[in-house]
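First up is the structure itself, then whatever we jot down about it.
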Amino acid sequence: MNLQQKVYKKLLQVPKGQITTYGELAKAVGLKNGQRAIGKIMNKNPYPVIIPCHRVVMSTGKIGGYAYGEHVKTKMLSDEGVKIENGKILELENKLYRF
DNA sequence: CCTCAGGCTTGCC
DNA sequence: TGGCAAGCCTGAG
């Protein structure tokens, strides 16, 4: 199974209203320090419709990047119940999903 | 708060 | 086939 396959399957486990970090996701698929790899995969993700890559944020609590624009990612998250302020996740620890 | 180097995969040459 | 650069990051300095 490709890395991307594992990645999006893991990502699909994240319920609406919750989020995860690139690092956590990387570990979840077997990579200890593959955050950038995850970012690359998300950026070029083959299934933009079924993969909620907007639920992945940086470990620092910031939004991070997004293929269609950070503001779009920000809006989608707030629509799902994740409050964001100044590009940062509010109550990150409380919204984080543990695999 | 900003800069720098590390670690992982994919894509093009 | 083999090498190189780049990407939605991260933790230390």
Side-chain angles (χ1 to χ4, degrees):
Chain A
M1 188 183 281
N2 298 326
L3 220 206
Q4 337 185 309
Q5 308 262 289
K6 296 184 191 170
V7 173
Y8 78 70
K9 280 195 175 181
K10 284 293 175 186
L11 196 47
L12 287 176
Q13 286 178 41
V14 181
K16 176 182 176 183
Q18 287 199 279
I19 55 185
T20 186
T21 67
Y22 294 94
E24 284 295 312
L25 195 53
K27 285 191 224 162
V29 296
L31 301 177
K32 335 177 211 177
N33 298 300
Q35 322 88 332
R36 291 189 83 176
I38 299 298
K40 179 105 182 146
I41 293 172
M42 294 321 233
N43 182 234
K44 303 284 188 183
N45 90 67
Y47 313 99
V49 184
I50 63 177
I51 304 181
C53 32
H54 58 278
R55 291 184 189 153
V56 186
V57 301
M58 299 205 289
S59 65
T60 57
K62 291 178 190 170
I63 293 300
Y66 190 58
Y68 302 109
E70 293 184 35
H71 57 305
V72 176
K73 181 173 181 176
T74 302
K75 193 177 194 317
M76 294 180 92
L77 285 175
S78 58
D79 281 343
E80 296 189 353
V82 179
K83 305 223 169 62
I84 299 172
E85 192 173 291
N86 297 319
K88 281 171 277 177
I89 305 290
L90 296 181
E91 300 176 24
L92 177 61
E93 287 301 312
N94 190 43
K95 304 284 185 184
L96 258 186
Y97 176 78
R98 319 284 181 177
F99 290 105

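Protein chains get the first letters and strands the later ones, always in sequence-line order, with residue 1 at the start of each.
Side-chain contact between Pro52(A) and Val14(A) is absent, with no heavy-atom pair separated by less than 4.5 Å. Val82(A) is not listed as a side-chain neighbour of Val57(A), based on a closest heavy-atom distance of 4.5 Å or more. When side chains are defined from C-beta on, Arg55(A) does not count as touching Tyr97(A), because their heavy atoms never get closer than 4.5 Å.
Side-chain N or O atoms of Asn45(A) include one that pairs as donor or acceptor with a backbone N or O of Met42(A) at under 3.5 Å. The closest donor-acceptor contact from the side chain of Lys73(A) to the backbone of Gly65(A) lies under 3.5 Å.
The distance from atom NZ of Lys9(A) to atom CD1 of Ile50(A), rounded to the nearest 0.5 Å, is 10.5 Å. To the nearest 0.5 Å, atoms CD1 (Ile19(A)) and CD1 (Ile63(A)) are separated by 7.5 Å. Leu25(A) CG to Lys10(A) NZ: the interatomic distance, rounded to the nearest 0.5 Å, is 9.0 Å. To the nearest 0.5 angstrom, Leu96(A) atom CG is 8.5 Å from Gln18(A) atom CD. For the atom pair CG of Leu77(A) and NZ of Lys95(A), the computed distance is 10.0 Å after rounding to the nearest 0.5 Å. Considering CD of Glu85(A) and CD of Glu91(A), their distance stands at 11.0 Å, rounded to 0.5 Å.
Remark: nothing in residues 90-99 of chain A comes within less than 4.0 Å of DNA chain B through any heavy atom. Of the residues in residues 58-70 of chain A, not one comes within less than 4.0 Å of DNA chain B through any heavy atom. Listed by residue number, the members of residues 23-31 of chain A with any heavy atom below 4.0 angstrom from DNA chain C are Gly23(A).
The minimum heavy-atom distance between Leu31(A) and Ala37(A), with the atom names listed, is CD1-CB, 4.3 Å. What you find for Gly61(A) and Leu92(A) is that their closest heavy atoms are CA-CD2, 3.6 Å. Nearest heavy atom pair, residue Leu3(A) against residue Ile41(A), reads CD1-CD1, 3.5 Å. When all heavy atoms are compared, the tightest approach of Gly34(A) to Ala26(A) is C-CB, 3.8 Å.
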Taking only nitrogen or oxygen atoms into account, show me every contact under 3.5 Å that the protein makes with nucleotides 4-7 of chain B, one pair per line with its distance.
residue, atom, partner, partner atom, Å
dG6(B), O6, Arg36(A), NH1, 2.9
dG7(B), O6, Arg36(A), NH1, 3.4
dG7(B), N1, Arg36(A), NH1, 2.9

Protein-nucleic acid N or O pairs under 3.5 Å, nucleotides 10-13 of chain B:
none

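For DNA chain B, each stem of at least three Watson-Crick or G-U pairs (distances under 3.5 Å) is given as range with range: B:2-6 with C:9-13, B:8-13 with C:2-7.
Salt bridge annotation for Glu24(A)-Lys27(A): present, with a cationic side-chain nitrogen under 4.0 angstrom from a carboxylate oxygen.
Few gaps surround CZ on Phe99(A); more than 12 heavy atoms of other groups in view lie less than 6.0 Å from it.
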